[in-house]
There are 2 protein chains.
Amino acid sequence: MLAQAPRNAMTFTAGHAGARVPAAAPVFAPTQPHQVQFYHANAEIYGQGEKARALYQVEFGAVRIYRLLADGRRQISAFHVAGEVFGFEADGQHHFFAEAICSSAIRIYRQPIDADIAREILPVALKALVRAQEHLLVVGRQSAAERVAAFLLDMVERQGDLPNIELAMSRTDIGDYLGLTIETVSRVFSKFKEKGYIRLTGARAVDIVKVEALASMCS
Amino acid sequence: MLAQAPRNAMTFTAGHAGARVPAAAPVFAPTQPHQVQFYHANAEIYGQGEKARALYQVEFGAVRIYRLLADGRRQISAFHVAGEVFGFEADGQHHFFAEAICSSAIRIYRQPIDADIAREILPVALKALVRAQEHLLVVGRQSAAERVAAFLLDMVERQGDLPNIELAMSRTDIGDYLGLTIETVSRVFSKFKEKGYIRLTGARAVDIVKVEALASMCS
DNA sequence: CGAACCGTTGATGGCTGTCAATTTTGGTGG
DNA sequence: CCACCAAAATTGACAGCCATCAACGGTTCG
């Protein structure tokens, strides 16, 4: 199901890449040269069990963080888009997989974590924790329609509150994020369209017509 | 459903309490006097929206961290037992509720978070993040039986891998943790008992008879 | 002894997963 | 520009798991 693409090879120093891509503000000041690496769709950024030795920041594109069960069931615990930092792990080891959803550029910070760095990234880690726990409420206690509504609103918010959103991820990704099947996700999309809550200008291009209607579903 | 008990009043300085309770190692060296506070069952430790100004460590007892939907649906994102630290929040504000499950003693650290503290608690926060994301896989992608099995194994591990576990929490709590109803939780317990995986010496006293059988369900 | 709470068990229905077929989309090459 | 193709998405039929509603047993406490 998941393409196991080889690691991407293209590499630029930050100085070069920074001049060309919409620059996201670095989370902490680099003390050594760091890189911006490009990944094509479905390329693995790191894998479960790998030694964790860096932090990652999305320059452009999108990333999924996920975990697998032995039989292939997958749970995506987070999506990350431009500007967001990911890759902190306990035990110096990655407990999850990270893959590029589409063509993406990732800035990689390889510093060891000293006290100053810790102070800078702690808030980011805590935000991720809050997000994960909030997502738990969605997945654990909300209906399929409520989950999709919450997802759409989250996407709207992340893309600057503009009502026209362009989803980087497939229905499969959305399902694995929300704990649903693709069919259920698709059916909810259709139902929302039917009710006039959204418009689909393409499979992954969604216009939010009635934000309030969606918002009222999430309580 | 949830008793809104008033804040507990009994307060001791750490020096006194530390001599009497099974001392959990402090996570970081206190620079000011800190307290151990006692809470009775269902007492609120902090509430959603409150200003966050401390970290908490369980001396004894157990704590649930949860969030509510408007209609009362509840998702418990974590349980905490002796030794564990909780209460870190983003934005200087609590996004969740914390309540004592049973009579509990909580050590409260009120230091501001400077760089050294951040370095000390970052690993703890990261561990919490990993836990939350792993729990997401359980809730999002596993069946009722698999969820309960995962829960029981987690409890076994936390109580030192002894096969006789004493659950602090009710079936309602377990259900709200696993994203299930109490009836389903109860039915799974019965099924496990029937199959000889567990023995129930009391409603909340569980002997794990076949760890491997449970473990094999969680993949 | 009665009340309240917790946990268990049973009957039933609905939501969502599964399986399958079809349509749409997006990309490629003629 | 259009035809063609593979992948993605949609839609339908059906089944199964789990939620809901309900009744009952056990325990604790006043």
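Each chain gets a letter, A, B and so on, in the order its sequence line appears, and its residues count up from 1.
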Query - Which residue lies more 5' along DNA chain D, comparing A/Ser186 with B/Glu183 via nearest heavy atoms - result: A/Ser186

Query raised in the report: Over how many whole Å does the gap from A/Asp176 atom CG to C/dT16 atom P extend?
Result: 17 Å

Report task. Mind checking salt bridge (Lys or Arg N to Asp or Glu O under 4.0 Å) for A/Arg131 and listing every partner two or more places apart, or none if nothing turns up? Result -> A/Asp154

Query raised in the report: How close or far is atom P of C/dG26 from atom CD of A/Glu166, stated in whole angstroms?
Result: 9 Å

Query raised in the report: A/Ile174 has an atom CD1; how far is it from atom P of C/dT16, in whole Å?
Result: 16 Å

Query raised in the report: B/Gln142 CD to D/dC18 P: how many Å, rounded?
Result: 11 Å

Query raised in the report: Which residues pass the side chain to side chain contact (heavy atoms under 4.5 Å, CB included) test with B/Lys210, sequence neighbours left out?
Result: B/Tyr197, B/Glu212, B/Ala213

Requested in this report: Please name all residues satisfying salt bridge (Lys or Arg N to Asp or Glu O under 4.0 Å) with A/Arg73, sequence neighbours left out, ordered by chain then number.
Outcome: A/Asp71, B/Glu146

Query - Partners meeting salt bridge (Lys or Arg N to Asp or Glu O under 4.0 Å) with B/Arg67 (sequence neighbours left out) - result: A/Glu134

Report summary line: As a check of understanding: the bend across the helix from C/dC1-D/dG30 to C/dG30-D/dC1, end axes from five pairs, rounded to 10 degrees, works out to 40°

Query raised in the report: For A/Leu180, which contact category applies under a 4.0 Å heavy-atom criterion: base, sugar-phosphate, or nothing?
Result: sugar-phosphate

Report task. Return the value, rounded to whole Å, for the distance between atom CG of B/Leu200 and atom C1' of C/dG7. Result -> 10 Å

Requested in this report: Please work out which of the three classes, parallel, tilted or perpendicular, describes the rings of B/Phe86 and B/His80, given edges at 30° and 60°.
Outcome: parallel

Report task. In whole angstrom, give the distance that lies between atom CE of A/Met169 and atom P of D/dA9. Result -> 11 Å

Query - Rounded interatomic separation in angstrom, taking CD from A/Glu194 and P from D/dG12 - result: 10 Å

Query - C/dT8 OP1/OP2 closer than 4.0 Å to side-chain N/O of B/Arg171 - result: yes

Requested in this report: Could you check if a side-chain atom of B/Val156 sits within less than 4.5 angstrom of a side-chain atom of B/Leu214, using non-hydrogen atoms only?
Outcome: no

Query raised in the report: Is any side-chain N or O of B/Arg141 under 3.5 Å from a base N or O of C/dT16, one able to act as donor and the other as acceptor?
Result: no

Query raised in the report: OP1, OP2 of C/dT9 versus side-chain N and O of B/Ser190: anything below 4.0 Å?
Result: yes

Requested in this report: Using a 4.0 Å heavy-atom cut-off across all strands, classify A/Gly175 as base, sugar-phosphate, or nothing.
Outcome: nothing

Requested in this report: Quick one: list whatever passes side chain to side chain contact (heavy atoms under 4.5 Å, CB included) with B/Ala144, sequence neighbours left out.
Outcome: B/Leu180, B/Thr184, B/Val188

Query raised in the report: With respect to the phosphate group of D/dA9, does any side-chain polar atom (N or O) of A/Arg204 fall under 4.0 Å of OP1 or OP2?
Result: yes

Query raised in the report: Is B/Thr184 near enough to D/dC18 that one of its side-chain N or O atoms lies under 4.0 angstrom from OP1 or OP2?
Result: no

Requested in this report: With heavy atoms under 4.0 Å as the rule, sort A/Thr181 into base, sugar-phosphate or nothing.
Outcome: base

Query raised in the report: Between A/Tyr177 and A/Phe79, what is the ring plane arrangement, given parallel below 30°, perpendicular above 60°, and tilted in between?
Result: tilted

Query raised in the report: Is a donor-acceptor pair below 3.5 Å formed from side chain B/Arg187 to base C/dG7, judging by atom type as modelled?
Result: no

Query - Atom pair distance, as rounded to whole Å: CZ in B/Arg73 and P in D/dT20 - result: 9 Å

